[in-house]
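Just so you know, ligand 1 is whichever comes first in the structure, and atom 1 is the first atom listed for that ligand.
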Amino acid sequence: MPSDSKMIWMDGELIPWEKAQIHVMTHTLHYGLSFFEGIRLYKTKNGPSIFRLKAHIDRFYNSAHIAKVKIPFSKEQLTEGIKATVRANDFEECYIRPLCHLGVGNRGLNNIGAPVHVSIIVWPWGPYLGEEGLKKGIRTKISSYTRHHVNVSLTKAKIAGNYVNSQLAKREVVELGFDEAILLDPQGYVAEGTGENIFIVRNGYLKTPPLGAVLEGVTRDSVMVLARDLGVRLVEEVFPRDELYIADEAFFTGTAAEVTPIREVDLRQIGEGKPGPVTCKIQDAYFQAVRGEDDQYETWLSPI
Ligand code: PPE
């Protein structure tokens with residue numbers, strides 16, 4: 001694979017991309033317990049700035065707490081490490097991936113005492129669901145795979161193993177010709193995308209599933225604040241797939257996906273089959289906030 005960037009931060013040191021290697025006995029490789037974050041750096045008038053860095057750092061440490069893994073760095077060290085990695089790679093805009101994994105030391109499932117490693121990788125990443133998807137909306141399908149039961153996988157932690165479910169769903173619908181999958185929770189209600197939270201607009205209300213089986217998305221939270229400030233009424237409420245079919249508008253939110261309109265679900269057109277007025281208003285406000293064009297949200301940005 002060609003290198004995406006020059007330098008990677010591994011356990012406190014910046015090393016060249018080629019040198020960032022791990023051993024095949026890495027515990028995480030066998031059993032899937034690592035956790036990660038996805039953050040974006042945007043170009044702003046104050047120079048490249050990281051969007052909602054604190055919220056992502058806090059979630060990273062929450063993942064560690066849930067997984068009972070002790071991160072061998074403080075939040076301040078990790079914050080500095082992220083900024084140093086971005087600087088070392090000289091990107092104006094990029095995606096940032098802090099990753100914590102269990103290394104070599106334990107055979108078998110018992111991970112007590114396994115060495116803990118932390119890496120920070122950055123790479124340029126354009127629109128997650130395509131430039132055209134961002135502008136015109138994407139085609140989605142409900143996956144045949146159910147989202148996690150909250151007492152099987154711990155959904156508030158961004159644990160790598162949780163993403164096998166997402167990969168199955170993604171692959172299923174992409175091979176069928178769709179752009180993204182929507183997963184239902186074990187009760188049958190709409191949960192989220194493979195790597196996105198979901199919102200619908202119906203009768204003037206914005207609606208998103210409550211934080212039951214879904215990831216506590218930072219973008220979900222940002223969009224809720226933006227909606228409130230724009231005077232859009234919002235409810236957090238469960239809804240079934242057919243309510244999605246008859247929604248006036250629908251969109252995904254995520255660090256990678258940003259605010260991506262959904263124009264089709266299960267071969268049914270949503271609304272006018274193009275991004276609706278509320279979606280466009282929220283998407284615009286989101287891009288203004290991340291690019292530092294709206295001073296109201298300046299505290300969400302950390303210049304590097
Ligand atoms: N749900 C899931 C399952 C999820 O993975 C993400 C982020 C979200 C919701 C939205 O969370 P937030 O980014 O905090 O708004 N998915 C990340 C990984 C994507 C990938 O392919 O890798 C992301 O968007 O960075």
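- Taking a cutoff of 4.0 Å between a charged side-chain nitrogen and a carboxylate oxygen, E216 and R59 do not qualify as a salt bridge.
- Using a 4.0 angstrom heavy-atom cutoff, T194 counts as in contact with ligand 1.
- Proximity to E192 (heavy-atom distance under 4.0 Å) selects the following atoms of ligand 1: 1 (N), 2 (C), 3 (C), 9 (C).
- Among G217, A257, G193, the residue whose heavy atom sits closest to atom 11 (O) of ligand 1 is G217.
- Within the 4.0 Å heavy-atom shell around ligand 1 one does not find E37.
- Relative orientation of the F199 and F251 rings is parallel, given thresholds of 30° and 60° on the angle between their planes.
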Next on the checklist: If you apply the rule ring-ring contact (aromatic ring centres under 6.0 Å, His included), what do you find for F73 with F60, and how did you get there?
Outcome noted: CA-CA 12 Å; F73 296 94; F60 193 64; over 10 Å; no

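- Residue-ligand proximity: Q167 is placed with every non-hydrogen atom at 4.0 Å or more from ligand 1.
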Can I get a per-line list of side-chain donor-acceptor pairs under 3.5 Å for residues 86-93, giving both atom names and the distance, sequence neighbours left out?
unit_1: R87; atom_1: NE; unit_2: I304; atom_2: O; d: 2.9
unit_1: R87; atom_1: NH2; unit_2: I304; atom_2: O; d: 3.3
unit_1: N89; atom_1: OD1; unit_2: K6; atom_2: N; d: 2.7
unit_1: N89; atom_1: OD1; unit_2: M7; atom_2: N; d: 2.8
unit_1: N89; atom_1: ND2; unit_2: M7; atom_2: O; d: 3.0
unit_1: N89; atom_1: ND2; unit_2: T85; atom_2: O; d: 2.8
unit_1: E93; atom_1: OE1; unit_2: R291; atom_2: NH2; d: 3.3
unit_1: E93; atom_1: OE2; unit_2: K43; atom_2: N; d: 3.0
unit_1: E93; atom_1: OE2; unit_2: R291; atom_2: NE; d: 3.2
unit_1: E93; atom_1: OE2; unit_2: R291; atom_2: NH2; d: 3.4

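- Exactly one of I121, V118, V122, I82 qualifies for a side-chain contact (heavy atoms from CB on, under 4.5 Å) with W9. That residue is V118.
- Counting atoms of ligand 1 from 1 in the listed order, those under 4.0 Å from a heavy atom of K158 are 4 (C), 5 (O), 6 (C), 7 (C), 16 (N), 17 (C), 18 (C).
- Counting the atoms of ligand 1 from 1 in the order shown, those under 4.0 Å from a heavy atom of Y95 are 17 (C), 18 (C), 23 (C), 25 (O).
- Remark: ligand 1 atoms within the under-4.0 Å shell around heavy atoms of G38 are 25 (O).
- The closest approach between any non-hydrogen atom of R97 and ligand 1 is below 4.0 Å.
- Atom NZ of K156 is surrounded by more than 12 heavy atoms from other residues, nucleotides or ligands within 6.0 Å.
- Atom 24 (O) of ligand 1 has its closest protein heavy atom at A256 N, 2.9 Å.
- Distances between N or O atoms of G195 and those of ligand 1 include at least one value under 3.5 Å.
- Within a 6.0 Å radius of NZ in K75, more than 12 heavy atoms belonging to other residues, nucleotides or ligands are found.
- Using modelled atom types, one finds a donor on one side chain and an acceptor on the other under 3.5 Å when comparing E249 with T279.
- Short contacts between ligand 1 and G254, defined as distances under 4.0 Å to a heavy atom of the residue, involve ligand atoms 10 (C), 13 (O), 15 (O).
- Remark: ligand 1 atoms within the under-4.0 Å shell around heavy atoms of R147 are 3 (C).
- Of the N or O atoms in Y128, one or more lie within a sub-3.5 Å distance of an N or O in ligand 1.
- The distance criterion of under 3.5 Å between nitrogen or oxygen atoms is not met by F36 with respect to ligand 1.
- At under 3.5 Å, a nitrogen or oxygen of Y163, whether backbone or side chain, sits near a nitrogen or oxygen of ligand 1.
- Among K170, E180, R147, the single residue meeting the side chain to side chain donor-acceptor pair (under 3.5 Å) criterion with T194 is E180.
- Below 30°, between 30° and 60°, or above 60°: for Y163 and F36 the angle between ring planes is between 30° and 60°, a tilted geometry.
- Residue, atom and distance of the protein heavy atom nearest to atom 13 (O) of ligand 1 are T255 OG1, 2.6 Å.
- In this structure, E293 places its CD atom where more than 12 heavy-atom neighbours from other residues, nucleotides or ligands lie under 6.0 Å away.
- With N165, V223, N197, T219 as candidates, the residue nearest to atom 9 (C) of ligand 1 on a non-hydrogen basis is N197.
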